[in-house]
Amino acid sequence: MPAPSLRRPRPARRGRGALSQRWNNQWQSCGYGYWVVRRRNSARQLGFCGVKPMDLKGMNVLNPFYRFAASAWGQGFASEAVTAVTDWVSRHVTDLPLIARVRPANAASQRVAVRAGLMRAEHLDGPGYDGFDCIYAAKQPG
């Protein structure tokens, strides 16, 4: 299986929606955001992966975030992409801890977090924006 590559998304075209505009604004204000994920030497998009700034219990942190087409699930793309993002953050955004918010029942995302080098940080677990979050961290915040 060819390794995926990460590429910064192109700026949103007129009419592409508020989500694309938010992502572009994040790139402009922070210098990081989401990357398109595809196989090397292929134009076909498999999904996206990146980081977004957020607040966790009063701390500024980065949260890796990814989504893939169902046809790309179970092939290691999420683990490889999140690992690449974790490595990129460790070299380029050293002032913010990287944490992953994972639902307790989402075993696949828990495995992705561990494969990317994140460790459980149970002391940070708790209610999140849209449900209970188990926290995995590259740096142990708090």
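Quick note: residue numbers are just sequence positions, from 1.
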Rounded distance [0.5 Å steps], CD in Q75 versus CD in E80: 11.5 Å

Within a strict 4.5 Å, meaning less than it, do heavy atoms of the Q45 and V37 side chains meet? no

Can you name the nearest heavy-atom pair linking A100 to N63, along with the distance? CA-OD1, 3.6 Å

Is there side-chain contact between L96 and L62, with heavy atoms separated by less than 4.5 Å? yes

Could you tell me whether the side chain of R115 and the main chain of T83 form a donor-acceptor pair under 3.5 Å? no

Show the nearest heavy-atom pair for residues Q26 and Y34, with the distance to one decimal. OE1-CE1, 4.3 Å

Gap separating the CH2 atom of W88 from the CG atom of L98, nearest 0.5 angstrom: 11.0 Å

Residue pair K57, D125: steps toward the salt bridge (charged side-chain N to carboxylate O under 4.0 Å, His left out) verdict: CA-CA 10 Å; K57 299 186 178 192; D125 289 357; over 6 Å; no

Has S29 got a side-chain atom pairing as donor or acceptor with N25's backbone, closer than 3.5 angstrom? yes

Counting only heavy atoms not in R91, do more than 12 sit closer than 6.0 Å to its CZ atom? yes

Distance from T86 atom OG1 to L118 atom CG, nearest 0.5 Å? 5.0 Å

With no hydrogens and no angle check, just 3.5 Å: does a side-chain donor-acceptor pair link R101 and S109? no

Test your reading of the model: is there a side-chain donor-acceptor pair from S90 to the backbone of D87, 3.5 Å cut-off? yes

Is the shortest heavy-atom distance from the side chain of V51 to the side chain of V89 under 4.5 Å? yes

Between the main-chain N or O of P104 and the side-chain N or O of Q110, is there a donor-acceptor pair closer than 3.5 Å? yes

Quick one: pull up CG in L56 and CG in D133 and give me the separation to the nearest 0.5 Å. 8.0 Å

Can you tell me how far the SG atom of C134 sits from the CD1 atom of I99, to the nearest 0.5 Å? 11.5 Å

Give the C-alpha distance, both sets of side-chain angles, the deciding distance and a yes or no for side-chain contact (heavy atoms from CB on, under 4.5 Å) between E122 and I135. CA-CA 6 Å; E122 292 178 27; I135 304 299; over 6 Å; no

Working note: L124 + M59, criterion side-chain contact (heavy atoms from CB on, under 4.5 Å); need CA distance, chi angles, decisive distance, verdict. CA-CA 11 Å; L124 296 173; M59 297 177 290; 3.8 Å; yes

Check whether R103 reaches the backbone of F132 with its side chain - one donor and one acceptor, N or O, closer than 3.5 Å. yes

Kindly give the heavy-atom pair with the smallest separation between Y129 and D55, and that separation in Å. OH-O, 3.4 Å

Mind checking whether F48 and W23 have ring centres under 6.0 Å apart? yes

From CA spacing to verdict: side-chain contact (heavy atoms from CB on, under 4.5 Å), V85, Y66: CA-CA 10 Å; V85 167; Y66 58 93; over 6 Å; no

To the nearest 0.5 Å, what is the distance between SG (C49) and CZ (F68)? 5.5 Å

Please test Y32 against K52 for side-chain contact (heavy atoms from CB on, under 4.5 Å), starting from the C-alpha separation and ending with a verdict. CA-CA 8 Å; Y32 52 79; K52 67 177 180 177; over 6 Å; no

